[in-house]
**Student:** 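What follows is a single structure, and I will ask about it in a moment.
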Number of protein chains: 2
Amino acid sequence: MANTYTHPDPQEFNLISILRAIADPVRLELIRHLHQLGEANCSTLLGSRPKSSMSHHFQVLRESGILHTRIDGVNHRNTLRLDDLEKRFPGLMNAILAASSGGSRP
Amino acid sequence: MANTYTHPDPQEFNLISILRAIADPVRLELIRHLHQLGEANCSTLLGSRPKSSMSHHFQVLRESGILHTRIDGVNHRNTLRLDDLEKRFPGLMNAILAASSGGSRP
DNA sequence: CTTATAGTTCGATATATTTCGAACAATTAG
DNA sequence: CTAATTGTTCGAAATATATCGAACTATAAG
């Protein structure tokens with residue numbers, strides 16, 4: 001297992017990468033859940049999905065800059081990088097977290 | 001050619017569809033360009049790309065609710081649905097239009 | 001009617017993404 | 001050391017998306 005992670009700096013955040021990371025049902029749910037919990041490890045957010053799938057989604061979120069993963073023993077604790085996101089793309093995460101995901105389109 | 005278009009109602013807008021529509025380099029550029037011009041037909045925004053590609057991108061943007069296409073003779077004039085978007089997802093388009101698309105600096 | 005312009009639709013190909021199981025790695029407990 | 005827990009990495013399969021040329025449709029102009 002990787003025992004370190006690299007996180008992009010805010011100035012490296014790319015809008016398209018960020019939007020692509022968010023524009024997935026699993027990851028959007030993960031983001032909302034994480035926002036409520038404040039911090040969570042992968043297992044907490046597993047649901048019924050395999051670990052490898054979740055690991056992939058966390059990687060996408062991490063590499064785009066949406067979350068930070070802190071290694072704490074055997075647990076990898078994730079937090080949203082709300083401050084960094086706000087600095088780089090003001091209002092964006094607020095709008096997304098405030099949105100009701102709703103609608104009837106697939 | 002279709003001589004009418006159907007546009008979704010704001011209450012049908014889906015966050016993931018909207019984000020996916022925006023999260024593409026060609027379409028994001030199209031959105032920004034359209035925001036500056038106010039209204040434009042497909043050809044105006046063609047650049048060097050084939051019409052069929054552009055037609056596809058306009059379709060994605062239209063069906064997600066991001067733009068409205070008005071048929072005016074042989075021209076199909078597109079406008080961003082900023083008011084509808086603002087009602088459904090307050091602050092979202094503002095944040096995206098305000099963002100410098102950015103990435104690593106030179 | 002003929003030609004030109006604007007844009008769509010179709011079909012094919014290429015590329016990305018998602019999903020998952022299996023094997024592996026790191027840490028902690030016993 | 002051994003076992004248990006947490007998460008990553010690898011590889012394969014399925015699905016989605018982007019791109020483009022060619023044929024087509026609709027409207028307008030001559």
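By convention in this document, chain letters (A, B, ...) are assigned in the order of the sequence lines, proteins followed by strands, and residues within each chain are numbered from 1. Because only heavy atoms are used, hydrogens play no part in the values below, and waters and symmetry mates are left out as well, while side chains stay in.
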**Student:** Nearest of D:dT6, C:dC20, D:dT27 to any side-chain atom of A:Arg49?
**Tutor:** C:dC20
**Student:** When the distance from CE of B:Met54 to P of D:dA18 is rounded to whole Å, what number comes out?
**Tutor:** 11 Å
**Student:** Grab the CZ-C1' distance between A:Arg70 and D:dG7 for me, whole Å please.
**Tutor:** 16 Å
**Student:** B:Thr69 and side-chain hydrogen bond (donor to acceptor under 3.5 Å, both in side chains): which partner among B:Asn41, B:Asn78, B:Thr4?
**Tutor:** B:Asn78
**Student:** Could you state the atom-to-atom distance from CD of B:Gln59 to P of C:dA6 in whole Å?
**Tutor:** 21 Å
**Student:** Taking only the side-chain nitrogens and oxygens of A:Asn75, find out if one of them lies under 4.0 Å from OP1 or OP2 of D:dT5.
**Tutor:** no
**Student:** Just the rounded figure in Å: distance from P of D:dA26 to NE2 of B:His76.
**Tutor:** 11 Å
**Student:** Quick one: does A:Arg88's side chain have a donor or acceptor within less than 3.5 Å of a partner on A:Pro10's backbone?
**Tutor:** yes
**Student:** I want to verify a distance call: between D:dT19, C:dT18, C:dT8, whose nearest atom is closest to the A:His57 side chain?
**Tutor:** C:dT18
**Student:** Give the rounded distance in Å between these two atoms: CD1 of A:Ile16 and P of C:dA16.
**Tutor:** 14 Å
**Student:** Donor-acceptor pair, distance only, cut-off 3.5 Å: does the side chain of B:Glu86 make one with the backbone of B:Gly91?
**Tutor:** yes
**Student:** A:Leu28 CG to C:dT18 P: how many Å, rounded?
**Tutor:** 13 Å
**Student:** With the side chain of B:Ser52 defined as its heavy atoms from C-beta on, choose the nearest nucleotide among C:dT19, D:dG7, D:dC20.
**Tutor:** D:dC20
**Student:** Taking the side chain of A:Arg62 as its heavy atoms from C-beta onward, which of C:dG7, D:dT8, C:dT27 lies nearest to it?
**Tutor:** D:dT8
**Student:** Is the base of C:dG7 touched by the side chain of B:Ser55 through a donor-acceptor pair closer than 3.5 angstrom?
**Tutor:** no
**Student:** Between atom CD1 in A:Ile22 and atom P in C:dT17, what is the gap in whole Å?
**Tutor:** 15 Å
**Student:** Sort me out a list of protein N/O and nucleotides 13-17 of chain D N/O pairs below 3.5 Å, or just none if empty.
**Tutor:**
from	atom 1	to	atom 2	distance (Å)
D:dT17	OP1	B:Arg20	NE	3.2
D:dT17	OP1	B:Arg20	NH2	3.1

**Student:** Closest-nucleotide mapping onto DNA chain D: is B:Val60 or A:Arg77 further toward the 5' terminus? I mean the 5' end.
**Tutor:** A:Arg77
**Student:** Anything under 30° is parallel, anything over 60° is perpendicular, the rest tilted; go ahead and classify B:His7 against B:His68.
**Tutor:** parallel
**Student:** Look up atom CD in A:Glu29 and atom CD1 in B:Ile16, then write down how far apart they are to the nearest 0.5 Å.
**Tutor:** 9.5 Å
**Student:** From the options C:dA6, D:dT8, D:dC20, select the nucleotide whose nearest atom is closest to the side chain of B:Pro50.
**Tutor:** D:dC20
**Student:** I want to know whether B:Phe58 and B:His76 have ring centres closer than 6.0 Å.
**Tutor:** no
**Student:** I need the A:Ile66 CD1 to A:Ser17 OG distance, nearest 0.5 Å.
**Tutor:** 9.5 Å
**Student:** Measure the distance from CG on A:Asp72 to C1' on C:dT28 and round it to the nearest whole Å.
**Tutor:** 12 Å
